[in-house]
Amino acid sequence: MNPLKNIRALLRPRTFAFQMLAAMLSVSLIPLLLLSVFAGQTVTSQLNHFNELNTALIEKNYISMYEANIEEQVRAIDTELRLVEDAVLLSKALAESIFSADSRKEVQPIAFRYDSEKKRFTEEHSDGLGVISIRTDNPLQYPSPEQAYDLALSKALFPLFQSESSRKQNIVSMYYIHPKSGSFYYPEYTGQGSDTQPTPINELTSYNFYSDALNVRPKKNQVAWTKPYLDITPRGWMFTATTPVYDEHRVLRGVVAADVTIERFVNNVLNTRFGDEDGIALLLGTDHELIATQQHGANEIERLDLAALFSEDTLNSFRSMQLGGQQKVVFSRAIPSTNWILGYIIPENKLLEPIHTATEQLSSQMGNQLAFQLSLLALVAVALCILLSFYLRSKVTRPVNLLAGAFAEMGGGQFKAALNDTRTLEFNQLLRSFNRMSQNIRELMEQQTELNQQLEHKVELRTEELRDMNNELEARVEELLRLEHWRKELLMNISHDLKTPITLIRGYIEAINDGTISGEDTGIFLRRIYEDIQTINQFVRNLNELSLLETRQLDAKYTVFAADGFFQGMVKKWEAYMKLERRPFHTKQLADGGQLRGDPHLISRIIDNLIDNAMKYSGAGSPITFTLELTNHDAVYRIMDTGSGIPEEALPYVFNSFYRVDKSRNSGIPGSGLGLSIAKEIADMHGGQLTVMSNDQSGRGCIFSLTLPLLDALH
C-alpha cells in the first residue's frame with residue numbers, strides 16, 4: 001500500500017460532528033478525572049476548617065440565644081414590676097380623688113375598740129371590707145376625729161385593693177398609711193403567727209415604706225421601690241412599691257403602697273422563668289445588694305462579690321470566668337422600670353457541652369457522606385459527559401444538513417416559505433434570517449398599511465384623551481367648590497366650638513380683675529379657667545388627630561392579638577369605673593378565640609369613645625351592654641344603651657365631623673362632634689366598619705357595632 005495515500009487519508013478533513021465529539025470528550029473527561037484525584041486531598045482539610053468555623057458560629061449563636069432569652073426574661077420581670085406599679089398608681093389616683101375637696105363626702109363615723117392582745121385600735125364592728133388599724137401601747141390614746149375621718153374615707157379604696165391583690169399574683173397586701181399613723185389595708189394577714197403577741201413596732205411613718213414615698217414630689221405620677229426589709233408582720237423579707245397621696249393644695253394626706261414578698265416573687269418569677277437546676281438566677285438592687293435569688297443557689301451566691309461581678313462595666317454583657325474553681329458563664333441585664341440587675345450564672349460545660357458533642361458527630365457523618373458522594377459524583381459526571389457528547393453530535397448534524405440542502409435549493413432559484421424548527425437557539429436564528437429574506441418585500445407593504453391604521457388610531461386616541469381631560473377638569477372644579485364649602489363649614493364649626501370656652505375664660509378673667517370674684521373664690525374660678533383651657537386643648541388635639549387619621553399620617557403600631565383577650569381587657573378596664581358610677585355593666589362573650597391584626601391602643605380608643613358616649617347620652621344608673629360576637633370572617637364588638645337614642649333621619653350623619661344631633665351645639669352634654677369621626681377613621685384604617693342603629697323600634701337607645709376582619713380573613 002502506498003504510504004503517501006495513508007498520510008493523505010489521515011490528513012483528510014473530518015466532519016464537524018466528529019471533530020466536536022472528540023473535543024467534548026477531551027475537554028470533559030480529563031478535568032473530571034483530575035478533579036476526582038485531587039478532590040480527596042482537599043476535602044479533609046476544608047472539612048476540618050469548616051467544622052472549626054461552624055462550631056465557633058454555633059457557640060456564638062447559642063450564646064446569643066441565651067442573651068435573647070435573658071432579655072425576654074428582663075422584659076417579663078419588668079412587666080411584673082410595672083403591674084405592681086400600675087396598681088399603686090391607680091390607688092394613688094383614686095385616693096387623691098377621695099381626699100380632694102370636690103369629692104369628699106360625709107362618711108359613717110367609725111367606732112373604735114382597743115384590742116389589748118394585738119395592742120391596736122380597730123373597728124368595733126368589722127364589715128369585712130379591709131382592716132383599719134392604729135397601733136399603740138396606750139389604750140387611752142383614742143384616735144383623733146381628723147384621723148378617724150381620713151381612715152373612714154380610705155375605706156373607699158377597698159374595691160381597688162381587693163381587685164388588684166386578686167388579679168396580680170405578686171402583690172400580698174395593699175394599704176394606706178395616715179400621716180399621723182394608722183392604716184387601712186387588705187387583706188389581713190392570717191398566716192402563721194397572726195394570733196401571737198405582736199412584735200413591738202415603731203410609728204408606721206418611721207418605716208421605709210412610708211419615708212421612701214416622700215421622695216416622690218407632688219403631682220409626679222411615680223412609684224418608689226424600697227430596699228428589701230424584714231416585714232413587721234411574720235411574712236418575712238419583702239420589698240414595697242410606695243407613693244405619696246396629696247390633695248389639690250399639695251397637702252400630704254398619706255401614702256399608698258403594695259407589698260411583694262421575696263419568697264412569692266422568687267416562686268412566681270425567678271423559679272418559673274429559670275427552671276434549670278444547674279443555673280442560678282438572682283436579682284440585685286441599684287446598690288448591688290441582693291434582693292432575691294433561687295433557693296438552690298443561695299449558699300453559693302453568699303460567697304460571691306456581687307458588686308465586682310455585676311459592676312457597671314460588665315452590665316448587659318456576656319462573660320466567661322472562674323467562679324468557685326469552675327469555669328462559668330455570667331449573664332446580666334438591667335430592668336428598665338427599677339434599674340435592678342437580673343443576673344444568671346451557669347456552668348460553661350453545661351451550656352456548651354451539647355454543642356461540642358453534636359458538632360463532632362455531625363463532622364464525622366459529613367466526612368463519610370462527602371467522600372461517598374464525591375466518588376459517586378465523579379462516576380456520574382463521566383457517564384453524563386459521554387452521553388452529552390453523543391447527544392450534541394446528533395443535534396449538530398441535523399441542522400447542518402438542513403441548511404446545506406436549503407442553500408443548494410436557493411442556488412437553483414427555489415425559495416421555501418420557511419425552514420423547520422431545529423430546537424437549537426443558534427441554528428434557529430440562522431433559519432429565521434433565511435426565512436425573512438423571502439418575506440421582506442411583503443412585510444414592507446404590510447408595514448405601510450399598518451402605519452396608516454396606526455395614524456388613524458392615534459387621532460382617535462387623542463380625541464378621546466381631550467374628552468377625558470375636559471371631564472376631569474369639570475370634576476376638579478366641582479371638587480374645589482365642595483372643598484370650599486367644607487372649609488367654610490369647618491371654620492364656622494371650629495369658631496363656634498372655641499367661642500364658648502374662650503368667652504367663659506375672658507369673663508372669669510375680667511371678673512377677677514374687676515374684683516367681682518372674692519379672693520376666696522379665685523382658686524375655684526382659676527380651676528374653671530384651667531378646665532376650659534383643657535377643653536380647648538382637647539378640641540385642638542382631636543382636630544389634629546382627625547386630620548392625621550384622614551390623611552393616613554398617624555403612625556399605627558400593628559400587632560397580632562386575640563379578639564377575646566382584647567374584649568376581656570376592655571371589660572376589666574371599665575368594670576371598676578362602672579362600679580364607682582353605680583351603673584349596671586352587662587358583658588357577654590358569644591365566642592372564644594379569634595386573631596386580629598391592628599393597633600390595640602387605637603382600637604381601644606374606639607371602644608372607650610363608644611362606652612363614654614353611651615354613658616353621656618343615657619340616664620344615671622341606666623345599664624350599658626358590651627358584647628363580642630365572632631363570625632366566619634369578622635369580630636363584632638357591640639355597645640348598647642337605653643338612652644335618648646338618635647332620630648332615624650340623623651343616623652347617616654353621626655360619623656361626620658362636628659355633627660351633633662343637637663343642632664344648637666349648646667346642650668348640657670360636653671363634646672365637640674369629633675369623637676365618632678375619629679373612631680370611624682380608626683375603624684377604616686384597620687379595614688373595619690363602624691355602624692349605628694336604634695336599640696328598639698321606639699327609638700330609645702342605640703347600638704354601635706365595630707366590625708374588624710379576623711386575621712385568617714386577611715390572607
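Values below: every heavy atom of this structure, side chains too, minus hydrogens, waters and symmetry copies.
Inter-residue side-chain proximity for Ile134 and Phe112 is flagged as met; some heavy-atom pair is nearer than 4.5 Å. Counting only heavy atoms from C-beta outward, the side chains of Asp599 and Thr559 never approach each other to under 4.5 Å. Two residues are said to be in side-chain contact when any heavy atoms from C-beta on lie closer than 4.5 Å; Lys219 and Arg250 meet this criterion. Taking 4.5 Å as the limit, some side-chain heavy atom of Arg583 sits within range of a side-chain heavy atom of Ile624.
Counting only distance, with no hydrogens or angles, the side chain of Ser163 and the backbone of Pro159 share no donor-acceptor pair below 3.5 Å. Of the possible donor and acceptor atoms, one in the side chain of His178 sits under 3.5 Å from a partner among the backbone N and O of Lys180. Of the possible polar contacts, none joining the Ser165 side chain to the Gln162 backbone as a donor-acceptor pair under 3.5 Å is found. A donor-acceptor contact shorter than 3.5 Å is absent between the side chain of Ser97 and the backbone of Ala93. A side-chain donor-acceptor contact under 3.5 Å links Thr293 to the backbone of Ala281. Distance alone, capped at 3.5 Å, places no donor-acceptor pair between the Thr242 side chain and the Ala224 backbone. With hydrogens and angles disregarded, no donor-acceptor distance shorter than 3.5 Å links the side chain of Lys588 to the backbone of Phe626. A donor-acceptor pair under 3.5 Å links the side-chain atoms of Ser154 to the main chain of Leu151, judged by distance alone.
Checked against a 6.0 Å centroid threshold, the rings of Phe121 and Tyr142 count as neighbours. Checked against a 6.0 Å centroid threshold, the rings of Tyr176 and Phe99 count as neighbours. Taking the ring centroids of Phe585 and Tyr577, they lie at or beyond the 6.0 Å cut-off. Phe239 and Tyr229 have their aromatic ring centers separated by at least 6.0 angstrom.
Summarising the local packing, CD of Glu248 is surrounded by more than 12 heavy atoms from other residues, nucleotides or ligands at distances under 6.0 Å.
At a threshold of 4.0 Å, the pair Lys119-Asp115 does not count as salt-bridged, since none of the basic side-chain nitrogens sits closer than that to a carboxylate oxygen. Between Arg253 and Asp247, at least one side-chain N (NZ, or NE/NH1/NH2) sits under 4.0 Å from a carboxylate O, which counts as a salt bridge.
Residues Phe567 and Thr587 approach most closely at CZ-CB, 4.2 Å, considering heavy atoms. The shortest non-hydrogen separation linking Val74 to Pro336 is CG1-CD, 4.0 Å. Minimum heavy-atom separation, Ile607 to Leu706: CD1-CD2, 4.0 Å. The minimum heavy-atom distance between Ser622 and Thr642, with the atom names listed, is CB-OG1, 3.7 Å. In terms of heavy atoms, Lys220 sits closest to Val216 at O-CG1, 3.7 Å. Annotation for Gln222 and Leu89: closest pair O-CD2, 3.7 Å, computed over non-hydrogen atoms.
Between the side chains of Trp225 and Asp212, no donor-acceptor pair of N or O atoms lies under 3.5 Å. Side chain to side chain, Ser181 and Glu203 meet the donor-acceptor criterion of an N or O pair below 3.5 Å. Inspection of the Asp150 and Gln147 side chains reveals no N or O donor paired with an N or O acceptor under 3.5 Å. Side chains of Arg135 and Ser183: a donor-acceptor N/O pair is absent below 3.5 angstrom, by distance only.
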* To do: Kindly indicate, with the supporting measurements, whether the criterion side chain to side chain contact (heavy atoms under 4.5 Å, CB included) is fulfilled by Ile177 and Phe184.
  => CA-CA 7 Å; Ile177 301 176; Phe184 169 72; over 6 Å; no
Step by step, work out the salt bridge (charged side-chain N to carboxylate O under 4.0 Å, His left out) result for Arg82 and Asp78. CA-CA 6 Å; Arg82 288 187 186 276; Asp78 184 64; 2.7 Å; yes
- Could you please spell out the steps behind the salt bridge (charged side-chain N to carboxylate O under 4.0 Å, His left out) verdict for Arg167 and Glu575? CA-CA 14 Å; Arg167 289 192 306 110; Glu575 273 183 342; over 6 Å; no
For a quick test of your reading: what N or O donor-acceptor pairs under 3.5 Å do the side chains of residues 124-133 make, sequence neighbours left out?
residue : atom : partner : partner atom : Å
Ser126  : OG   : Gly128  : N            : 3.3
Asp127  : OD1  : Leu129  : N            : 3.0
Asp127  : OD1  : Lys155  : NZ           : 3.0
Asp127  : OD2  : Lys155  : NZ           : 2.7

